[in-house]
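Here, residue 1 is the first one in the sequence, and each next residue gets the next number.
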Amino acid sequence: MLRQFSFMRVRILYHDHCFDGAASAAYFTRFMEGAFYPGAQFAYTGMAHKASQLFEPSLFDGDVNAIVDFKYSSDPRLTWWFDHHQSAFLTPEDAAHFHQDHSGRKLYDPTFKSCTAFICAVAKERFGYQADDLEQLVSWANIIDGAQYADAKAAVELGAPAMKLTLVIEGAKGSGIVQKIIHWMLRRPLDDIAAESEVRALYEPLYKRHLDSVGLIRGRAVQDNGVVFFDLTGYELEGYNKFIPYYLFPQSVYTVSVSPSSFRTKVSVGSNPWAPEPPKHNLASICERYGGGGHARVGAISFEPGAIDKARQVAAEIVEELKH
């Protein structure tokens, strides 16, 4: 019989504005409630990839501190860690620190398509915990984070409730609505969450912006030898659906873009899941050379806000590499 931990505070740092990040935070919460800390209070902090990737000490303010779907920290107050990105470590020292950890509570496996599925598997196989009512959440995290859509049309036209939630999670300003969605994900089906009035009110203008972004990318993108490139400098667009280039250019293999935002200048690098030929390059490894990272098939590099010239230079170098 687990004793109650109503006095305990569990802090969860998750990848913000990301469906898998939110779903990971939700599944991890259920896992902790059910297997370790029933009655504990859970608090959430959204994390974003920036040019400076330091973990401020004040982030780890819980009795238990966890990071899910985000980079590793060697802070001694970190209790749990789950990640599935190839580029999981900020420094070689962090990687060494992880490999020296024998707590059994810091876990890494880049073979999983989503961090949510990774947490689900570890909870079941190592700790005998499973949340069958969250099967839909795990399935959609795999589809969305692993690009397991049937085709680019399905990924761009946003028919399913999970896709509508993804648009809100990725496009809403601030972390408030994302953390509400995390709380709803704990015990509610995705169609119920998507029907929430607050979600619907945010979805409508974001969907219009999404449609506008399709037109914007169509007008600015160029394709050369299988690589699509576009630069969104000068437009108010904090992110876009990463499958739009493959929807517009189905014969492309890679995409590279430059997109400024309020907190960084980002170079995004992706590969077409439905490409006529399989991608040859490991995009995470390419991005790591410039201080970024990601997965083998999708990656990004973050520069300081306003570093447009540097981002364009790096993007041009990557485009040339991918063309060969």
Side-chain angles (χ1 to χ4, degrees), residues 1-6 8 10-16 18-44 46 62 64 66-70 79-85 103-150 154-155 158-170 177-196 199:
M1 183 76 176
L2 287 172
R3 63 191 180 91
Q4 291 293 305
F5 288 86
S6 57
M8 179 174 283
V10 180
R11 169 66 65 182
I12 301 175
L13 280 59
Y14 66 94
H15 187 188
D16 208 3
C18 167
F19 185 94
D20 188 35
S24 295
Y27 202 101
F28 181 78
T29 300
R30 284 286 300 275
F31 172 34
M32 292 294 102
E33 283 180 336
F36 288 93
Y37 316 117
Q41 299 175 3
F42 289 84
Y44 304 93
V64 171
I67 298 172
V68 296
D69 197 39
F70 204 76
T79 317
W80 291 89
W81 177 66
F82 283 88
D83 194 33
H84 72 126
H85 295 88
S103 67
R105 297 186 176 190
K106 295 171 185 176
L107 300 130
Y108 172 60
D109 191 336
T111 67
F112 276 84
K113 297 187 185 305
S114 72
C115 190
T116 310
F118 180 36
I119 296 169
C120 175
V122 169
K124 181 179 179 180
E125 294 164 10
R126 297 197 186 186
F127 299 98
Y129 176 83
Q130 60 188 102
D132 292 337
D133 59 311
L134 295 185
E135 183 177 335
Q136 179 198 44
L137 183 69
V138 176
S139 176
W140 271 106
N142 259 9
I143 292 169
I144 292 167
D145 217 51
Q148 302 298 294
Y149 305 99
L158 310 183
M163 296 299 299
K164 292 177 169 61
L165 283 175
T166 299
L167 184 65
V168 172
I169 288 169
E170 292 182 352
I177 187 60
V178 182
Q179 293 177 16
K180 281 189 179 182
I181 290 171
I182 290 171
H183 282 286
W184 290 331
M185 282 176 167
L186 292 174
R187 288 175 177 84
R188 294 176 60 185
L190 298 178
D191 52 346
D192 278 7
I193 300 171
E196 280 282 342
V199 172

Measure the spacing between [atom1] of [X] and [atom2] of [Y] and express it to the nearest 0.5 Å.
X: Ile144; Y: Met163; atom1: CD1; atom2: CE; answer: 6.0 Å
X: Ile12; Y: Asp69; atom1: CD1; atom2: CG; answer: 12.5 Å
X: Leu107; Y: Cys115; atom1: CG; atom2: SG; answer: 10.0 Å

Going by the rule side-chain contact (heavy atoms from CB on, under 4.5 Å), which residues pair with [X] if we only count those two or more places apart in sequence or in a different chain?
X: Gln136; value: Trp140, Pro189, Leu190
X: Cys120; value: Tyr27, Val138
X: Ala195; value: none

Residues in ring-ring contact (aromatic ring centres under 6.0 Å, His included) contact with [X], at least two apart in sequence or another chain:
X: Tyr108; answer: Trp81, Phe89
X: Phe31; answer: Phe36, Trp80, Phe127, Tyr129
X: His84; answer: His295

Original post:
Of all residues at least two apart in sequence or in a different chain, which pass the side-chain hydrogen bond (donor to acceptor under 3.5 Å, both in side chains) check with Thr29?
Top reply: Tyr44
Original post:
With Asp16, which residues qualify under side-chain hydrogen bond (donor to acceptor under 3.5 Å, both in side chains), at least two apart?
Top reply: Tyr14, Ser175
Subject >> Partner residues of Lys106 under the salt bridge (charged side-chain N to carboxylate O under 4.0 Å, His left out) criterion, sequence neighbours left out >> reply: Asp101
**OP:** List for me each residue that meets salt bridge (charged side-chain N to carboxylate O under 4.0 Å, His left out) alongside Arg187, sequence neighbours excluded, and say none if there are none.
**Re:** Glu33
So, for [X] and [Y], which heavy atoms are closest and what is the spacing to 0.1 Å?
X: Tyr149; Y: Ala155; result: CD1-CB, 3.6 Å
X: Val68; Y: Ile119; result: CG1-CD1, 4.0 Å
X: Ile169; Y: Cys18; result: CG2-N, 3.3 Å
X: His85; Y: Asp83; result: ND1-OD1, 2.7 Å
X: Asp20; Y: Ser114; result: OD1-CB, 3.4 Å
X: Ile182; Y: Ala25; result: CD1-CB, 3.9 Å

Subject >> Pairs flagged by salt bridge (Lys or Arg N to Asp or Glu O under 4.0 Å) wherever residues 133-144 is involved - sequence neighbours left out >> reply: Arg30-Asp133
Original post:
Is there any salt bridge (Lys or Arg N to Asp or Glu O under 4.0 Å) pair reaching into residues 109-127, and which pairs are they, with sequence neighbours excluded?
Top reply: none
Original post:
Between Asp145 and Phe19, is a side chain to side chain contact (heavy atoms under 4.5 Å, CB included) present by the stated rule, with each step listed?
Top reply: CA-CA 8 Å; Asp145 217 51; Phe19 185 94; over 6 Å; no
**OP:** Among Val122, Thr116, Ile67, find the residue that satisfies the side chain to side chain contact (heavy atoms under 4.5 Å, CB included) test when tested with Phe82.
**Re:** Val122
**OP:** Would you mind reporting whether Gln41 and Val10 have side-chain heavy atoms less than 4.5 Å apart?
**Re:** no
